[in-house]
2 protein chains.
Amino acid sequence: MSIKKIAELAGVSIGTVDRVLHGRGRVSEETKEKIEKIALEINYKPNLMASSLSKKRKATVAILIPDPAEDEYWQQAWTGIESLLTKAEKQGLEIKNYFYSLDNQNLFNHFAKQIILEKPDGLILAPNHPESCSNLLNECAKVSIPAILFDNQLPGFNQLAFIGTDLRQSGILCAQLLEMITHRPGSFALFHIDSPSSKTHDMIEKELGFKEFLESNQSNRLVQNFAIDTQQDLEIQLDAAFQHDIAACLVSTSKTWLVAEYLQKRNRRDVKLIGFDLISKNIELLRGGWIDFLINQNPERQARKSLNRFINYFAFGETIQEKEYLPIEIITKGNLISV
Amino acid sequence: MSIKKIAELAGVSIGTVDRVLHGRGRVSEETKEKIEKIALEINYKPNLMASSLSKKRKATVAILIPDPAEDEYWQQAWTGIESLLTKAEKQGLEIKNYFYSLDNQNLFNHFAKQIILEKPDGLILAPNHPESCSNLLNECAKVSIPAILFDNQLPGFNQLAFIGTDLRQSGILCAQLLEMITHRPGSFALFHIDSPSSKTHDMIEKELGFKEFLESNQSNRLVQNFAIDTQQDLEIQLDAAFQHDIAACLVSTSKTWLVAEYLQKRNRRDVKLIGFDLISKNIELLRGGWIDFLINQNPERQARKSLNRFINYFAFGETIQEKEYLPIEIITKGNLISV
DNA sequence: TTAAGTTGCGTTAACGTTAACGCGAATATA
DNA sequence: TATATTCGCGTTAACGTTAACGCAACTTAA
């Protein structure tokens, strides 16, 4: 009995109260103020069950992420979404997912256009293809569709809602861990591994953090930088890298297992290794002792949180907070089974 | 249009359908089966908004935990509950909290009786005072009030819903981490610190895990066991312990900072230290470099998850799954700010 | 001056579910 | 045989909100 109570107290009908509460006009300034005052006084909280029951329209949320089938990392992200799917539906949300390919910008653009046309009430976005992404986000801003980024931030969109890890800090952490576990002298190697060996935003951030730690802690470790191209012969590239006296390595991507396998092949138990992401290849080599630590960016949790924000937004009227940095999870043999 | 649709298809009224769906009897076996069949066929999912709107009764959940004001750890747990409070209310739950004192079993028993009398629809429980707890849980079982334990498991109640960390595995992890970071020879010290120095369930589990790792990895480290009583003079006790050649310590409780402060006082930078819980004293000494790692049992998340289960149970009809072990979080300087 | 539009409200039928109530028919009890 | 009770079902008023509709009274445009 709430809108009814306001109506009663104000001496008007519930229709009028509803119109004021939703700013649908057609109410005199006088009654409007009276109603607003009463609503404030009795601390009116709309009953969201009744509300979502009454309005037939469902809020739709578009989810634009890389195809889970293509990549284990994104599969984990999708798992996070999936786990909330039925709950989201029960809360009156409709989820529409668009899976793009990491190496097919056209498909991304196609989906972007489609999304703009279909005008969803919210958008969850994993921003690869930076330029296309920027365009899409600008379009969304124009028609004021709220968007949540996750996994990666997009330079130039600092005001946007974001859920992910602090990449710079991840780099710092990696350096600290390597310092802790590396007993013998020798330099630190920093591997950027990608198919066309180009540094993406996250790699750069991790590198900066890594070096920042070593400098500010007056480490006497030398840092050797290597860009590895997976389309070239790996062994040759890694052999060349290990010409140097390397005591420990950081791999800035989920391709950590490539270095681990190399160390295993060359039986280099004396080299410490730290990398990113809990994909199965990495897990296997962490178990085997060829990787010492993995930093888990937890795409599943990131994606789940993103969708959950929209649920809270549409179903509970909560505001979408801007940035949320998830804890940087350190995974090693001893806590692997617990994740 | 769902109950209505079933009614239509079955050629009965919605009242009859409702009676079948809720097992309230007064329906012939024949119609009952027909309706159940149709409900299954069209994959009927009740609209929970309408449901909770229609039924006036609120489900109440009792929360029985140590007084947050008394202890920082439990304060964190309470924070987790608080963060879900408004959401829980909007979903039609009523939360009643009972704060007991860790050293006042009478108060606990008093609350336990009160809870049994008030017959809540659910109970969230942090099981200290084991015997009293067992009694309460037995009473709850009798009148079939679902209960969720968190933080600590209760021996003898293995079938119950539980949310927390795997304590044994935590011990294993601690051993692994100490092995990784301890460069010099010397033995490992294991400190159990409590006011009346008695080993509780969690301490024992952690100790078992710790030793298990060292044994199964053929470590040549000697483990020295110390029970520290906080009511006695600490320095004397710790001085005595450090008569031995100790290279690293594990403290099985949140009192880790006591050892850290001791190390600081004696300026023993050569001793590694690992302990439990992100309470402010520990955080401070982790920052200062006197603690190397903290294992975060994340009471906030545990408590939040517990309440969330009840929300999902009452509002979304999900089942309360039995056990859920949360990831064992490794915290060190480098990822401290991210938690 | 008249038709058309606007303003400021009240009324009401949904939305899907719940649960109390009613009622005829069958069955049981006296 | 008359009276209760039970069975098996239909009807209906909520729950709080939404939004379409209607309708006087008043204003504007032609």
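Protein chains get the first letters and strands the later ones, always in sequence-line order, with residue 1 at the start of each.
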- Query: Looking at B:K34 and B:E30, does any basic side-chain N land under 4.0 Å from a carboxylate oxygen?
  - Reply: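 Result for this pair is no, no salt bridge flagged.
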
- Query: Are any of the side-chain nitrogens in A:R309 or A:E324 under 4.0 Å away from the carboxylate oxygens of its partner?
  - Reply: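 So A:R309 pairs with A:E324 through a salt bridge.
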
Would you please name every residue forming a ring-ring contact (aromatic ring centres under 6.0 Å, His included) with [X], sequence neighbours left out?
{"X": "B:F310", "answer": "B:F314"}
{"X": "B:F316", "answer": "none"}
{"X": "B:Y98", "answer": "B:F111"}
{"X": "A:Y313", "answer": "none"}

- Message: Please give me every residue in residues 17-37 of chain B whose heavy atoms get under 4.0 Å of an atom in DNA chain C, ordered by residue number.
- Response: B:D18, B:H22, B:R24

- Mind listing the residues from residues 39-50 of chain B sitting with a heavy atom below 4.0 Å of DNA chain C? Number order is fine. B:Y44, B:P46, B:N47, B:A50

- Query: Which residue lies toward the 5' end of DNA chain D, B:G15 or B:K55, if each is placed at its nearest nucleotide?
  - Reply: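 That would be B:G15.
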
Which atom pairs, one a donor and one an acceptor, fall under 3.5 Å between side chains of residues 75-87 of chain A and the rest of the protein, sequence neighbours left out?
| from | atom 1 | to | atom 2 | distance (Å) |
| --- | --- | --- | --- | --- |
| A:Q76 | NE2 | A:L278 | O | 3.1 |
| A:T79 | OG1 | A:Q75 | O | 2.8 |
| A:S83 | OG | A:G80 | O | 2.8 |

- Query: What residue among A:I116, A:L136, A:V61 forms side chain to side chain contact (heavy atoms under 4.5 Å, CB included) with A:L123?
  - Reply: A:L136

- What heavy-atom pair brings A:N128 and A:P66 nearest, and what distance separates the two atoms? ND2-CG, 3.4 Å

- Pair B:S101-B:E70, side-chain donor/acceptor within less than 3.5 Å: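 Checked: B:S101/B:E70 side chains pair up, N/O donor to acceptor below 3.5 Å.
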
- Query: Is the side chain of B:Q302 donor-acceptor paired with the backbone N or O of B:Q297 at a distance under 3.5 Å, no angle test?
  - Reply: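 Here the side-chain-to-backbone pair exists.
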
- Query: Would you say A:K58's side chain and A:K56's backbone share a donor-acceptor pair under 3.5 angstrom?
  - Reply: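 Not at all, since once roles are kept as given, no pair shorter than 3.5 Å links the two residues.
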
- When rounded to the nearest 0.5 angstrom, what is the spacing between SG in A:C133 and CG in A:L64? 7.0 Å

- Message: For a 4.0 angstrom threshold against heavy atoms of chain A, report the outermost contacting nucleotides of DNA chain C in 5' to 3' order.
- Response: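 On DNA chain C, the outermost contacted nucleotides are C:dT7 to C:dG16.
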
Side-chain donor-acceptor pairs under 3.5 Å in residues 138-160 of chain A, sequence neighbours left out?
| from | atom 1 | to | atom 2 | distance (Å) |
| --- | --- | --- | --- | --- |
| A:N138 | ND2 | A:S134 | O | 3.2 |
| A:E139 | OE2 | A:K142 | NZ | 3.3 |
| A:D151 | OD1 | A:Y73 | OH | 2.4 |
| A:N152 | OD1 | A:H201 | ND1 | 3.3 |
| A:Q153 | OE1 | A:Y325 | OH | 3.4 |

Please tabulate, one pair per line, all N/O donor-acceptor pairs under 3.5 Å involving side-chain atoms of residues 20-28 of chain A, not counting sequence neighbours.
| from | atom 1 | to | atom 2 | distance (Å) |
| --- | --- | --- | --- | --- |
| A:H22 | ND1 | A:D18 | O | 3.0 |
| A:H22 | ND1 | A:D18 | OD1 | 3.2 |
| A:R24 | NH2 | A:D18 | OD2 | 2.1 |
| A:S28 | OG | A:T31 | N | 3.3 |
| A:S28 | OG | A:T31 | OG1 | 2.4 |

- Query: Tell me, which of residues 3-14 of chain A have any heavy atom that sits under 4.0 Å from an atom in DNA chain D?
  - Reply: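 Here the set is A:I3, A:K4, A:I14.
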
- Task: Specify the angle, to 10°, made by the local axes at the two ends of the helix from C:dT1-D:dA30 to C:dA30-D:dT1 when five pairs are taken at each end.
- Result: 40°

